[in-house]
Every structure is written in C-alpha cells, then in structure tokens.
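Shown next, in structure tokens, is the structure this report addresses.
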Amino acid sequence: MTGTPHIAAGPGDFAPLVLMPGDPRRARRIAETFLADARLVTDVRGVLGYTGTHRGEPLSVLASGMGIPSVSIYATELFRHYGVRRIVRVGTAGALPLTVAVRDVVIASAAHTDSSISRVLVDGVSLSHTPSYGLLRAAANAAGQQGEAAVHIGPVFTSDHFYLDRPALFDALERRGTLAVEMEAAGLYAVAATEGGEALAVLTASDHLRTEEALSAAERETCFDRAVRIAAAALLGDVRISP
C-alpha cells in the first residue's frame, strides 16, 4: 500500500494511537507542542497528519475535517489500512445546559444523532453510538487528576447542520441529559464499531447555546490543551498509566 485516496502516508507511518482534531491547524499545533520528534506523514487536500512520540510512546495526530462524512472517511482508512487501534477526537462543541460552561471539557459517553449513520449500517435497526469503555474509563480517570475547570461526562448530540435552529429539539435533548452539540462523534463511534477499533470524543465547550457566550477563533486554537492531555492519557491507557 502506498496510500489511500485521502491519506498519502506509507505503511508504518501512523502509530496505533491517534489524536483526531477537526482543524488541520490544530493537528499541526498538537504536533508542534505536544509530540516529540513529530514528522509530517500526510497532507492530502491540506488535511495534515503527523507522527511522533508522547511520554516515549508512538502517537499520531490527523485532522478529520468537519462532519460525519469527513470523519468517517479518515477514521475508516486509519483503522482499515494503517493498523490504527484507537482514535480519540479532540474538538469543540456547543454547551447545552447551564451546568456546562464555556471552556469546560465534555467527555462523550454516547452520541445521539439524527443522521442516517444510525440507520444505514444494520438494516432495520437504529444503532446506539457509544465509545470504547476502556477509553472512557481511562479518560475519566485522567480527568479526575486535572485540577482545573470542570470536566463533564455524558451524552452529546451529533448534528449534520452547524447552524441548526431548533429550540424545541435542544430543550428535549437537554431534558434527557445531553451536554453538548457537535458534528463528528457519532460518525467516529460508528466507524470504530464497524472496523473493530476503539474511539472516544473529548470536547472543549467553545460556545454556549443558551447564553450565546463564545470563544474567538484564536481562543479556539489555544484553549483545548486540557482536552488533549485527557485524550492522550486515554489513548495510552494500558500502554502507560501516567499522571
């Protein structure tokens, strides 16, 4: 194999453990500030992927782009063609209840969605989209060691429509414990289940659907370090337990 239609990396270029932000610039920033000896392994269509080490263990980062179709492509190719075992999405989300503040971290224990991804994989069944329990447990343990702003664990809603304006839907989701709205987690969880991999989403609340508070574009680029630390700890999991 010399690559896929969307990834130019060669065999062995990706580590078995992958951090997956949406934005290629975030992927580059993670590589530059979080990985040791990072090297660029793919840049097809401007979607950047790097491999280096973290705490002595091989670790990669690859951008996913926006939405379920895009994350599904990259996650499938990583699991199916590059021997990747675990992917943790590190992205942003819109907080839903007032108990979740902007800059808080949300670990997605489930991903509701009205996307067709729930219905097309198994005929006649609407699938539930959930993360790997091992990754979820490791992330929860890592979050407990973070002495900073709040970390919440619960379901999110994965939407295909960034500018969705359905107040009644958001009210109904909030009443059922939904913590945030984003665009990729359900797709990533569905691909992991299909390909026999493990996946998790660790999200930073970049804006709030109720208060309309929002981070600037520059703040969105720099405020997610805590989520990255939690995600990396989850990825390493039984590879290495570290504070």
Side-chain angles (χ1 to χ4, degrees), residues 17-22 64-80 84-97 99-100 104-143 151-162 164 166-205 209 227 230-231 234-235 237-238:
L17 313 177
V18 176
L19 293 166
M20 184 169 276
S64 72
M66 296 174 65
I68 287 176
S70 187
V71 74
S72 297
I73 287 171
Y74 291 106
T76 296
E77 293 183 3
L78 288 178
F79 283 131
R80 188 176 295 181
V84 169
R85 294 187 293 112
R86 297 173 180 168
I87 299 174
V88 177
R89 162 166 155 68
V90 281
T92 56
L96 195 52
T99 53
V100 179
D104 283 0
V105 171
V106 174
I107 301 172
S109 62
H112 310 309
T113 187
D114 55 5
S115 166
S116 64
I117 193 72
S118 295
R119 302 182 298 277
V120 299
L121 297 176
V122 178
D123 189 38
V125 175
S126 292
L127 294 177
S128 299
H129 303 297
T130 57
S132 156
Y133 175 72
L135 287 176
L136 180 62
R137 181 179 61 185
N141 290 341
V151 177
H152 309 266
I153 301 175
V156 302
F157 174 62
T158 301
S159 174
D160 280 338
H161 194 325
F162 184 83
L164 184 66
R166 292 173 60 186
L169 171 64
F170 294 148
D171 290 345
L173 288 168
E174 182 177 350
R175 288 196 300 271
R176 288 158 178 82
T178 306
L179 299 180
V181 178
E182 56 85 68
M183 298 187 70
E184 289 83 27
L188 177 59
Y189 290 0
V191 168
T194 300
E195 299 296 327
E198 300 179 61
L200 180 67
V202 180
L203 309 166
T204 300
L209 276 67
I230 293 171
L235 279 171
D238 56 8

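This is a predicted model, so every value here is computed, not measured.
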Inset, instruction - Keeping the roles fixed (side chain from S70, backbone from S64), state whether a donor-acceptor pair exists under 3.5 Å. - result: yes
Inset, instruction - Mind checking the NE2-CG spacing from H161 to D114? Nearest 0.5 Å is all I need. - result: 10.5 Å
Inset, instruction - For V88 and I230, run side-chain contact (heavy atoms from CB on, under 4.5 Å): C-alpha distance rounded to whole Å, both residues' side-chain angles, the deciding distance at 0.1 Å, then the answer. - result: CA-CA 10 Å; V88 177; I230 293 171; over 6 Å; no
Inset, instruction - Can you see which heavy atom on T178 is nearest to which on F157, and at what distance? - result: CG2-N, 3.7 Å
Inset, instruction - Would you mind reporting whether I87 and V191 have side-chain heavy atoms less than 4.5 Å apart? - result: no
Inset, instruction - Keeping the roles fixed (side chain from E184, backbone from G67), state whether a donor-acceptor pair exists under 3.5 Å. - result: yes
Legend entry - Atom pair CD1/OG of I117 and S126 - distance to nearest 0.5 Å: 12.0 Å
Inset, instruction - Looking only at non-hydrogen atoms, find the nearest pair between A234 and A138 and report the distance. - result: CA-CB, 3.7 Å
Legend entry - Any side-chain heavy-atom pair of L135 and R86 under 4.5 Å: yes
Legend entry - Between NE2 on residue H129 and OG on residue S115, distance to nearest 0.5 Å: 7.0 Å
Inset, instruction - List the atom of P131, the atom of A110, and the distance in Å for their closest heavy-atom pair. - result: CD-N, 4.2 Å
Inset, instruction - Over all heavy atoms of both residues, which pair between F79 and E195 is shortest? Give the atoms and the distance, please. - result: CB-CB, 3.7 Å
Legend entry - Any side-chain heavy-atom pair of F170 and L164 under 4.5 Å: yes
Inset, instruction - Would you check if the side chain of T113 reaches a backbone N or O of T158 as a donor-acceptor pair within less than 3.5 Å? - result: yes
Inset, instruction - With rounding to the nearest 0.5 Å, note down the distance linking CG in L188 to CD in E198. - result: 11.5 Å
Inset, instruction - Give the minimum heavy-atom separation between A108 and L200, together with the two atoms involved. - result: O-CD1, 4.0 Å
Legend entry - Closest contact, heavy atoms only, E182 versus T92: CB-O, 3.8 Å
Inset, instruction - With rounding to the nearest 0.5 Å, note down the distance linking CE in M20 to CG in L78. - result: 5.0 Å
Legend entry - Spacing of S109 atom OG and Y189 atom OH [to the nearest 0.5 Å]: 7.5 Å
